[in-house]
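Structure record follows, encoded as structure tokens.
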Amino acid sequence: MSLPQTPYNYSLTQPLYDWHPWNMKWILFFGALIGSGICDRETFSGHQVFRINIRNEDEISKLNRLVNSDNLKLDLWKSPSTLGHPADVLVPSFSLQEVKSFLEDHGLEYSVAIEDLQIHKEMDSIVKSYPHLVSAVKIGHSFENRLMYVLKFSTGKGRQRPAILLNAGIHAREWISSATAIWTARKIACDYGRDLVITSILEKMDIFLLPVANPDGYVYTHTHNRLWRKTRSVNPRSTCIGADPNRNWDSHFGGVGTSNDPCSDTYHGLHAHSEVEVKSVADFITNHGDFKCLIDLHSYSQLVMYPYGYTTSRVPDADELDMVARNASKAMASLSGTQYQVGSVGSTVYTASGNTIDWAYDNGIKYAFSFELRDTGFYAFALPADQIIPTAQETWLGLKTIMEHVRNNI
Amino acid sequence: MQLRRQPLSAPRPGDTRPAAQRLAVPLLLLLALQGAAASGGPEDSGWLQDAEPSSRLLSQAARAALHFFNFRAASPSALQVLANVLDGRSWVNQKKEYKFDLVFTTEFYSAEEGEKRLGKCSAQVFFRNEKPRPAVNVTCTQLVKKERRQEEDYQLYKLMKQLKSPLNAVSIPDSHGYIAPSLRPIWDLAFLGSSYVMWQKSTPFLHYYMSQISSVKQWKTNDDAIDFDYTVLLHEFSTQEIIPCRIHLVWYPSKPLKVKYHCQERQTPEEASGTEEGSAVALTELSNF
């Protein structure tokens, strides 16, 4: 199934939302954003594209009735000009339930376009908009053969520089992680040359950003199971699918806080780096050879953490990492008062061996941090769309704090 | 808020256990709890106080206490969640059972933006090995006057009575975190029922959040009470598992909550049934220690 040809610009001029009470929050957001400059332009809003099969005249009139209903705010991208051709309808997030009910009640066949392609489209758009700063680097592919791209932000003109990796979406259901990452990508590009801090960071270092580190899992949360966590790899001696990519790294692999049961959500995998998604990133970092900082974004719980996860014992650099984490947390709270607790992974959440930042720290990346973004359990993984931008904005302050410290200390 | 002491009432219809047995079990637990509550130092039944209680453990115990509190209050308009642990002591014995003495702040589950009123609770929580549910004794400051709380519960109840069955919603919230305003009372009531389950299942090492209502089997309001049969997905820390639990509750404002549940446990090969009849009346004898 191919997506509609019409490119969709998530721009402020799109007249999507009017006076629906749920929309009011979006209007207020956009109003506030205009004042803060174009660099905060929203890029991800949680709506979906429905492809509806039209088989007869009766179904055309039903579709028209649906599309014309005022409060649903639907946008007909491709109308069924001839029978047998499907219609593509853009459905805002607040109307998803009603549209699905309508389609099911009236026996209309439909499918939902896959949202990860929206993230890749946005990545392409950023590269196109800022070609002198941003490029896309292919680092590998997923188990189901989806391409894995990082965005590279560099003013180095080809010369290798010490680098920072922002890693997101390693756990499929943690959508706010990828949404924050893609917002951050555009923010970095836009603020370069305008904001002193990010400009000075990019004068000395390269930033790499991986918005979806687990693309198969991410797609699966859209098509089958919203609460899927792991990869989608096939386990040789089990009907259960996938391993926990944040237990699959080569650092105390298989230790406490992991499971050797393929059906478990913390299954560590067959062996360290058995998951191709993990191996791709590990190899990329190792081959580069000069990463100084890795920040891994997760949700939920509102935490800023540093190594180790496999033990509650302190790392040698605990004092410095704790101070940096506390400064990041303070910066994040300064925007909306959101509180992020600070500590090592093992002493703050639970022991978890084989996780990303333990491996990073053990491989010379001193500034290794793990963020758990909003919230603290009310919406949990299903964070509403109106919290994406506030989360991304406050997280940005935390990221800048850390990156600035790294820049000043390498 | 002081928990109201429910008078011991006549057996409810459908309660088929013999009277002697109904009294015997609570009495036994009464004695056991008194024994536990009396101990406080190392000289008593091998309890060793933790010199540096982990804040994570203290928070988990506080959450378990709050789940129990919310269940007993049976008030969907006044659900409380943990804000901060102010003070806590913990003990462990040779049988690896845990005891906690806690003081913590709470805030409203449904707090509006900017409304940051804090409640304060003190609790004793006892995680035993034999009985799955932690024994809880909890007292909280009254955040809302009883009359106002009962009035808001009644308003919620009236809103719920207007919802037509069968409910069209499949998951609440949907994938994008959206809860239709008309369905918000259902979410609060579901959380109340889930509080009972989460209290039952909490251990010092496992705690829960309600992720999503994944289906509504039945929503009956033709009699006075709300009869709600639904499946909820609980997110379990630290295993990260998603546990589906089928919950059936009956609620009427200002009356104790009746709830039954059955959770699908992934760990054991067969389904582990946590089916248990939960009635606040039968549990009264346990609660006020």
Side-chain angles (χ1 to χ4, degrees), chain A residues 21-22 45-48 92-98 100-101 104-105 115 171 173 175-176 221-222 225-230 240 244 246-247 257 259 261 263-266 300-301 312 336-337 339 341 343 346-352 375-388, chain B residues 52 54-57 59-60 63 79 81-85 107-111 113-114 116 166-183 187-188 191 198 205-214 233-244 266-269:
Chain A
W22 180 250
S45 40
H47 38 254
Q48 290 182 359
S93 58
F94 56 84
S95 299
L96 290 174
Q97 205 77 270
E98 277 187 71
K100 283 181 192 169
S101 302
E104 274 148 26
D105 287 346
E115 263 180 69
H171 284 141
R173 58 196 180 200
W175 288 5
I176 186 60
T221 56
H222 286 85
N225 179 355
R226 175 62 178 85
L227 294 173
W228 187 258
R229 167 183 167 91
K230 302 187 287 182
C240 289
D244 183 345
N246 206 26
R247 302 287 186 277
S259 170
D261 177 2
C263 300
S264 164
D265 258 335
T266 51
Y300 55 94
S301 284
T312 52
S336 315
Q339 298 296 315
Q341 317 271 44
S347 59
T348 308
V349 273
Y350 40 70
T351 44
D375 59 10
T376 53
F378 186 99
Y379 286 102
F381 298 117
L383 198 69
D386 69 352
Q387 290 202 42
I388 296 177
Chain B
E52 268 187 57
S54 106
S55 67
R56 176 167 40 109
L57 265 184
S59 298
Q60 270 169 229
R63 274 191 213 104
L79 297 161
V81 289
L82 178 67
N84 283 300
V85 175
E107 52 194 18
F108 276 116
Y109 184 61
S110 322
E113 275 304 308
K116 280 290 181 202
L167 295 174
N168 256 338
V170 172
S171 13
I172 306 168
D174 68 10
S175 286
H176 298 272
Y178 179 64
I179 302 176
S182 61
L183 298 178
W187 176 258
D188 288 340
F191 185 80
M198 294 191 285
F205 309 105
L206 292 175
H207 67 278
Y208 299 87
Y209 294 93
M210 186 171 89
S211 282
Q212 202 176 41
I213 302 171
S214 61
L233 299 176
L234 297 183
H235 178 208
E236 181 180 78
F237 278 75
S238 59
T239 62
Q240 293 294 335
E241 300 296 335
I242 302 295
I243 315 279
R266 191 205 58 79
Q267 268 74 0
T268 51

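Proteins come first, then strands; the chains are lettered A, B, ... in the order of their sequence lines, and each starts at number 1.
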**Asked** Which one of A:F381, A:F378, A:Y379 satisfies the ring-ring contact (aromatic ring centres under 6.0 Å, His included) criterion with B:H235?
**Response**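 Single pass found, and it is A:F381.
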Return the minimal non-hydrogen interatomic distance between [X] and [Y], and the atom names on each side.
| X | Y | answer |
| --- | --- | --- |
| B:S211 | A:L227 | CB-CD1, 4.1 Å |
| A:D265 | B:E241 | N-OE2, 2.6 Å |
| B:S175 | A:A382 | O-CB, 4.1 Å |

Side chain, backbone, both or neither of [X] within contact of chain A (heavy atoms, under 4.5 Å):
| X | value |
| --- | --- |
| B:S54 | neither |
| B:L233 | side chain |
| B:F237 | side chain |

**Request:** To the nearest 0.5 angstrom, please state how far the OH atom of A:Y350 sits from the CG atom of B:L206.
**Result:**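 Here the interatomic distance stands at 12.0 Å.
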**Side chain / backbone / both / neither for A:L383 at chain B, heavy atoms under 4.5 Å** =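 Backbone only.
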**Request:** Please state whether the side chain, the backbone, both or neither of A:S336 comes within less than 4.5 Å of a heavy atom of chain B.
**Result:**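 Nothing of A:S336, per the 4.5 Å heavy-atom cut-off to chain B.
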**Request:** Give the C-alpha distance, both sets of side-chain angles, the deciding distance and a yes or no for side chain to side chain contact (heavy atoms under 4.5 Å, CB included) between A:K230 and B:Q240.
**Result:** CA-CA 11 Å; A:K230 302 187 287 182; B:Q240 293 294 335; over 6 Å; no
**Prompt:** Just checking, any donor-acceptor pair under 3.5 angstrom between side chains of B:Q212 and A:R226?
**Reply:**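 The answer is no; no qualifying pair exists.
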